[in-house]
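Notes to accompany the following structure.
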Amino acid sequence: VGSVACACLTLLALSSCFSRHPPRLNTGSSSSAILVAYEDSGANGSGAVAGSRVNGSSLGASSNSSATEAAVQKPTIAKSVEAITSTTPHSAATSLRDNLTLASVSPTTDAVGSSAQTTTTGGHGHRHNAARAPNQKVPPATIVGLHFGAGAVKTPSAVREGEFATSAMGKKRFGWTQPARSVEEAMEDAFPGGKGWQSVRFLEGSGNSTWTMGRVAKWVKEELFGNRNPFWRHDDKVPVPMNTEFDTGDQLGPRHWVGYSRRQICFIVAKSLLGAGTEGYKNGLLRFLEKMTKRGLPRKGGFGRSWWGLLAACAADPLLENGQQGPQLLVAKAEEYSEVSVVRELAKRVSCADASLRVCRYDDDGGRGTLPSELTHVPEGGCRQPAAGHPGNDFMAGGLVGQATQDISAAWLGGYVFGNAAGLGGGQDERLMVYFPEVAALSFFLSQDPKQQPEAPQLRQPVWIFGARRVFQGIDGTCRYNNPPKLDPALPMTSDLLTVKLNGRRYQMSTSRPFVAFMSENQGFITDPERDPKAMHRSRRNKEPRQRDVDPNSKWSFEKQVRAWYRAVALSSYPEQVQPILKAIVTSVGAGPWLAGLWFGDSQLGFLASWLGHAIAVGSWGGPGKLPLDYYIYSAFTENPGNQCFVHAKAECHACLAHCAKAPLPKESLWLPKNAYFGSSSNKSCVPDEGNDCGEKGFADVLRAYKSKPASALWDDLEAALRKSKGDTSMSVFDLLLRIQGAPASSTP
């Protein structure tokens, strides 16, 4: 017996010696999990798969290096208890509520340190027999990541630091190339002679310090690069999810997610600013920084300054001191497709009122912001008028904690900045990237798309990003006050953190500005602008027949717009592991003239598609009131200024257009194609008041008529009215819908 015990102790000691990382003490709950890891270690695709049943220890306690680096995959046997807890930055988490999505058998009660059953597969992923829990299905060989065993319901109580984790079907690790310039040289490129640098003291920063250029440079060299590499668990290489299922143009397939820590994002940004690339992975971030535009290199322009501003915030962050990883950031992609027929069927079961619509008139009538008494206002914190040359609060500036900023995106997040912009410019999508540098970094880094027409190595939509923050002040829907952006001294670092659970692991996550990006499906509906130069002006006045397309065979038809909103907002579109996080963090969705921005759709149809799609989608969030739609109306939105005025009834519409004409946006606050300007000199950005473009009815009239009706009734009535009009645009969409004695077409005598 003594010899056997000695041999066991010897083997245990040897296993610790050969482990890549020292064993870690675990204080979490007992649990039982099946760990499956896959790592593609070379260009030939060879790798190793290891599976372990670890009894009585937390998910992070194993010293097995493959398990430590496992990509996280949704459970195949039981879904975990998803606990969401509000915490202070350094306190232990205590549960506020648990959201059990699927019951499982009771967990095992094995003591900590009990034996673990292990099996391995080698070579090209051919699986050997594995010891497994009774009745457990063996995951397919292509399934990777973290899989819970049948008895695994309990989860570790400790809050983990942020880390790389993903549900993707595989991952690769990439080393960094040598930098092309020093920290000082890179900063000089962005701030020649210190010009443009903003020394700032963050209210939640550590040490009450003011962050100068020299101080930030020292932090990057000594703390960020001089401390332990934030990817030390991955041999100091950066792991990237590998999308092996779909050719989406980025690294995440539909219904997959990936997370990085705040420190890891800072590290990736700093390396890229210095010109270091990733060996074997042509990430879009470095390519974007080095892509010459008409206004120079992005790393020397507004984007470079934006990312250095982020690094100043990283340097000040108390949660990144002494090599800490800080909170978690998370990217989640929607499902690939939604059938229109499914969305139509769902519309029969919900009321238009389920969207819980709240409205903010933001600087659209001289600053009064009035609404009919029966309509619901966006709460005051999220609807404050601009004043004294400064933006107010809207869905882009922020003000409501948990209100999602809706990015009116192209097919890729960040729009057409690649090769076209070095800083502020373009539309809403492009401008948001400067103000949300963590979002921009993730969008570019998570793609190596090689396509050239157009070249857009960026995340594809629809996509949610959690844990990112609006780092700069100055932006709102008008972009009137956004030049230059200013670092926000009140940037939340610790005050907005929530403890969330992702596949059994608890992380802290910033909640102040959840970010969702998705597109309408009407890009390019004006197919012949050269042959019909007046089509653009008709579109801006809501008078272009092609805006009112209801042909189910057309890719631009109204039903496709409802589907696009539904797909992007429905909770069920996203991975099951992140759905409880969405429900815990997101309190409403803030949006502007979606569909009617730089793709020049009809603003009335854009409102109706948003309202319908949202009413249908909120059923997946738990029903009415669970996810209000905060709709913002502008006289001069940064895209297509003046066009959104047409959602008002006649008198308010005229007042809104007059307000735009009186205070047009500065040139630097918008971008329009040349043929979209009005006036004899083609220099007027606002849609002019032609006298008869404003309809009799407005959005408030539609709300009164349909708020208690099924969403399908509004959808059917609208399409019937547009078909009956046969392309005649002399009446507005709202007037067509409500023209029968002021009542909807579906009403009965």
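In this structure, D429 has no salt bridge (charged side-chain N to carboxylate O under 4.0 Å, His left out) partners at least two apart in sequence or on a different chain. Every side chain to side chain contact (heavy atoms under 4.5 Å, CB included) that K291 has, sequence neighbours left out, goes to F418, E455. With sequence neighbours excluded, the residues that form a side chain to side chain contact (heavy atoms under 4.5 Å, CB included) with R215 are S209, W211, T212. Partners of K218 by side chain to side chain contact (heavy atoms under 4.5 Å, CB included), not counting sequence neighbours, listed by chain and number: E222. Taking the disulfide (SG to SG under 2.5 Å) definition, one finds that C479 meets it with nothing, sequence neighbours left out.
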Determine, step by step, whether D449 and R460 satisfy the salt bridge (charged side-chain N to carboxylate O under 4.0 Å, His left out) criterion, reporting the C-alpha distance in whole Å, the side-chain angles of both residues, the deciding distance to 0.1 Å, and the verdict.
CA-CA 11 Å; D449 187 21; R460 270 43 178 179; 2.8 Å; yes
Apply side-chain hydrogen bond (donor to acceptor under 3.5 Å, both in side chains) to S520 and N522, showing your working.
CA-CA 6 Å; S520 55; N522 63 322; 2.6 Å; yes
Can you list the steps and then say if W308 with V220 is a side chain to side chain contact (heavy atoms under 4.5 Å, CB included)?
CA-CA 10 Å; W308 279 113; V220 170; 4.2 Å; yes
Before giving the answer on salt bridge (charged side-chain N to carboxylate O under 4.0 Å, His left out), spell out for K282 and E290 the whole-Å C-alpha distance, their side-chain angles and the decisive distance to 0.1 Å.
CA-CA 12 Å; K282 296 181 179 179; E290 302 293 344; over 6 Å; no
List, one per line, each side-chain donor-acceptor pair under 3.5 Å for residues 389-398, sequence neighbours excluded.
{"residue": "N393", "atom": "ND2", "partner": "G381", "partner atom": "O", "Å": "2.9"}
{"residue": "D394", "atom": "OD1", "partner": "M396", "partner atom": "N", "Å": "3.1"}
{"residue": "D394", "atom": "OD1", "partner": "A397", "partner atom": "N", "Å": "2.8"}
{"residue": "D394", "atom": "OD2", "partner": "G477", "partner atom": "N", "Å": "2.6"}
{"residue": "D394", "atom": "OD2", "partner": "Y634", "partner atom": "OH", "Å": "2.7"}

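More than 12 heavy atoms of other residues, nucleotides or ligands lie within 6.0 Å of NZ in K451, so this atom counts as buried by the packing criterion.
Of the inter-residue distances, the one linking F445 atom CZ with D250 atom CG reads 13.0 Å to the nearest 0.5 angstrom. One finds the CD atom of E279 at 9.0 Å from the CD atom of Q178 (value rounded to the nearest 0.5 Å).
Using a 4.5 Å heavy-atom cutoff, the side chains of I526 and S539 are in contact.
Within the cation-pi definition used here (under 6.0 Å to the ring centroid, within 45° of the axis), K271 qualifies as a partner of F225.
Looking at Y677, its side chain never comes within 3.5 Å of a backbone N or O of C686 through a donor-acceptor pair. Side-chain atoms of R480 come within 3.5 Å of backbone N or O of P664 as a donor-acceptor pair. Using a distance-only test at 3.5 Å, with no hydrogens or angles considered, a donor-acceptor pair links the side chain of R513 to the main chain of Q403.
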